[in-house]
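Here's the structure we're looking at; comments come further down.
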Amino acid sequence: MSSLAAPLPATATTAASPASHEDRSSFAFLAIASLFFVISGIVALLVAGKLQMPTLLGNIAWLTYGRMRPLHVNGMLFGWLLAADMGLAFYLVPRLCGVKLWSEKLGMATMYLWVVIILGAVVEIPLGHNQGLEYAELPTWLDVLVVVAWLMFAANIFMTVANRKYEQMYVSLWYIMGAIIWTAFVYLVGNFATLFTTGVNQANLNWFYVHNAVGLIFTPLGLALGYYFIPKAAEAPLYSHRLSMIGFWSLAFVYVWTGAHHMLHGPISQWLQTVSILFSVMLMIPVWTLVYNFFATMKGQWHQLKDNVPIKFMMTGTIFYLLTCFQGPMHSLRSVNAIVSKTDWIVGHAHMAVLGAFSFFAVGGAYYAIPRMLKTRLHSQALANASFWLWLVGGLSFFVSLWIGGFLQGLQWNDPSIPFIDTVKFMKPFWSVRLIGGTFMFGGILLFFWNLLATWLHRSERPAETV
Amino acid sequence: MIKKIDKNNILFVAAATGFFAIGGILTTFAPPLLDASWAKPAPGLQNYPELAKGGDAHADLVMKGRAIYVRDGCWYCHTQQTRTIEADTVRSGWRDVRSPVSTPDEFVFDKPHLFGTRRVGPDLSRAGGKYDKQWHATHFKDPRSLVPGSAMPPFPWIANNPAELDAMVAYIQSLGRAKDWRPTHDYEE
């Protein structure tokens, strides 16, 4: 395989980099992302608590479940994860290109605009200004700002790539560029084309967007991080360039067809349901090639799992990714879908994708990149390690309780002799475990935030041993 | 070819767009052209948005109720689709009569669509006429007084505001009426 081994540019694997990177925008994006992570985490606990205790802050309209839930979801997706991914893209793209980021000024402006968007959402959503479409709740004026911010981000990344010193583009660059292009289309369909449609037609576009927001925004950005940080943090070359190509191009082709699997058994054309099922199953190809590649890269390096915190996050994220993407195709089979669809199982699945797989990639990347961009050392390896265990234990209890509960709930729904309310009461113990797991994860978020803050505060007292 | 794409960013952008665009177009803009049933209203379907614009007071109430349903996020806990699953038709049914499954023609004027994805509470696609106004008023004030163990939050700002309550109830009573399937009169008569 050696002839196909990863062309992670040689300079990128040695300590010194030809261009000295400023990393201002990168750091700023990660800073706001981790702050929004904490805030969205508080809202998350509130929402989970409300299911247990529906009267909790129940008489205050703007704090009602139906307004806090979209705040939580949008806060996590756009405030935390997408902002963190953009920050890490600003870190790794210049390094993979061997040049500085095209414009730090533009990067900082993008970051400020992003803060405006998130603050706008924090005001609009509790006021009930909801467009009624999942993931597309934000009012149109904010959607327009998102498009502007995305174009600014795109310009910066593409100009950096166009100016690159290394001819060959490493996989992470493909994924980031792919994500930028696909997102533009996916976002416009989900937030603007839906304005001109109704009924099933609109629902189809809405699910196209929801599915591809995860599949063609968060997936490629997350995988770009994996492809960069796993070989970097483990100091091992990527196993196979060819496999990464197969993975990328099959993802580009296959993912986009699957949106209608959100409407299986629902009022939408049967043939479209069947198409979405076929392509959902084909998703196994990009997923398995990628996971195999990551695991093979770690061959002989597994001992590093013990005390290399970024690697822990990256490899655990990879396992969560594999599990999520095994569940996805399974759910799309009609027989399985008839049980799990609309249940809490799906909630467990969605959290494993976003909070398990993609957040683990982003957190691992942040633990690796932040000390390096500040030319210092991480404040505390022990705290970083503790955050990992809180996330792992909390996450597993969260996901597993919802799978078990949701699956049994689905079986109960399919037996109409069981009154609906009994199936609600049945879920309560599972919701309790979920809340406890979520609290653990929130502890992980706090430790993460504190560790990064302390690293920044004490950056000059603790210069990196090697720069 | 692939080797070239690897080194040429313009070629790369073209290929990444092309690969994606095939499915991107065939699954978004093509289906409504291929399946006319998405846009053809069921014979019994009321066009509430048009009626409300034309000054129909009841339609106006229904549309206001719908807006509250969107605003307060009822749709995060309730779906509006009786799926092609037997148990769904029983649960959406009326006493011993099964409800018909939901079809695209019943939702032609829905904007935003409210099919939903999660059922914390029961499906509401056939909720029209299931309970009377008094029941809903009490339920919005305190769901647990009627259904112990319910996870539905209280909505005092709806229950205690006659205009909002009227609108909300009018909307719920309008759900699932496009198909005439009930053998007997419902509570609302």
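Within every chain, numbering begins at 1; the chains are lettered A, B, ... in the order of the sequence lines, protein sequences first and strands thereafter.
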For the residue pair B/Phe20 and A/Phe208, does the interplanar ring angle fall in the parallel (under 30°), tilted (30 to 60°) or perpendicular (over 60°) class?
tilted
Can you tell which part of [X] gets under 4.5 Å to a heavy atom of chain B, answering side chain, backbone, both or neither?
X: A/Ile418; answer: both
X: A/Gln273; answer: neither
X: A/Ala260; answer: neither
X: A/Leu195; answer: backbone
X: A/Trp174; answer: both
X: A/Leu272; answer: side chain
X: A/Asn204; answer: side chain
X: A/Phe248; answer: side chain

At a heavy-atom distance under 4.5 Å, which candidate from B/Cys77, B/Pro153, B/Pro104 has the highest pair count against chain A?
B/Pro104
Selection from B/Arg144, B/Arg91, B/Gln81 maximising heavy-atom pairs under 4.5 Å formed with chain A
B/Arg91
Tell me, with the steps shown, if A/Thr198 and B/His113 meet side-chain contact (heavy atoms from CB on, under 4.5 Å).
CA-CA 7 Å; A/Thr198 60; B/His113 81 82; over 6 Å; no
Just one of B/Val101, B/Thr82, B/Ile85 clears the side chain to side chain contact (heavy atoms under 4.5 Å, CB included) bar with A/His265, so which one?
B/Ile85
Donor-acceptor contact present, side-chain A/Trp182 to main-chain B/Ala16, <3.5 Å
yes
Keeping the roles fixed (side chain from A/Lys428, backbone from B/Gly149), state whether a donor-acceptor pair exists under 3.5 Å.
yes
Under 4.5 Å to a heavy atom of chain A? For B/Pro32 that would be side chain
So do the side chains of A/Phe420 and B/Asp123 get within less than 4.5 Å of each other, counting heavy atoms only?
no
Min side-chain heavy-atom separation A/Glu134-B/Tyr76 under 4.5 Å
yes
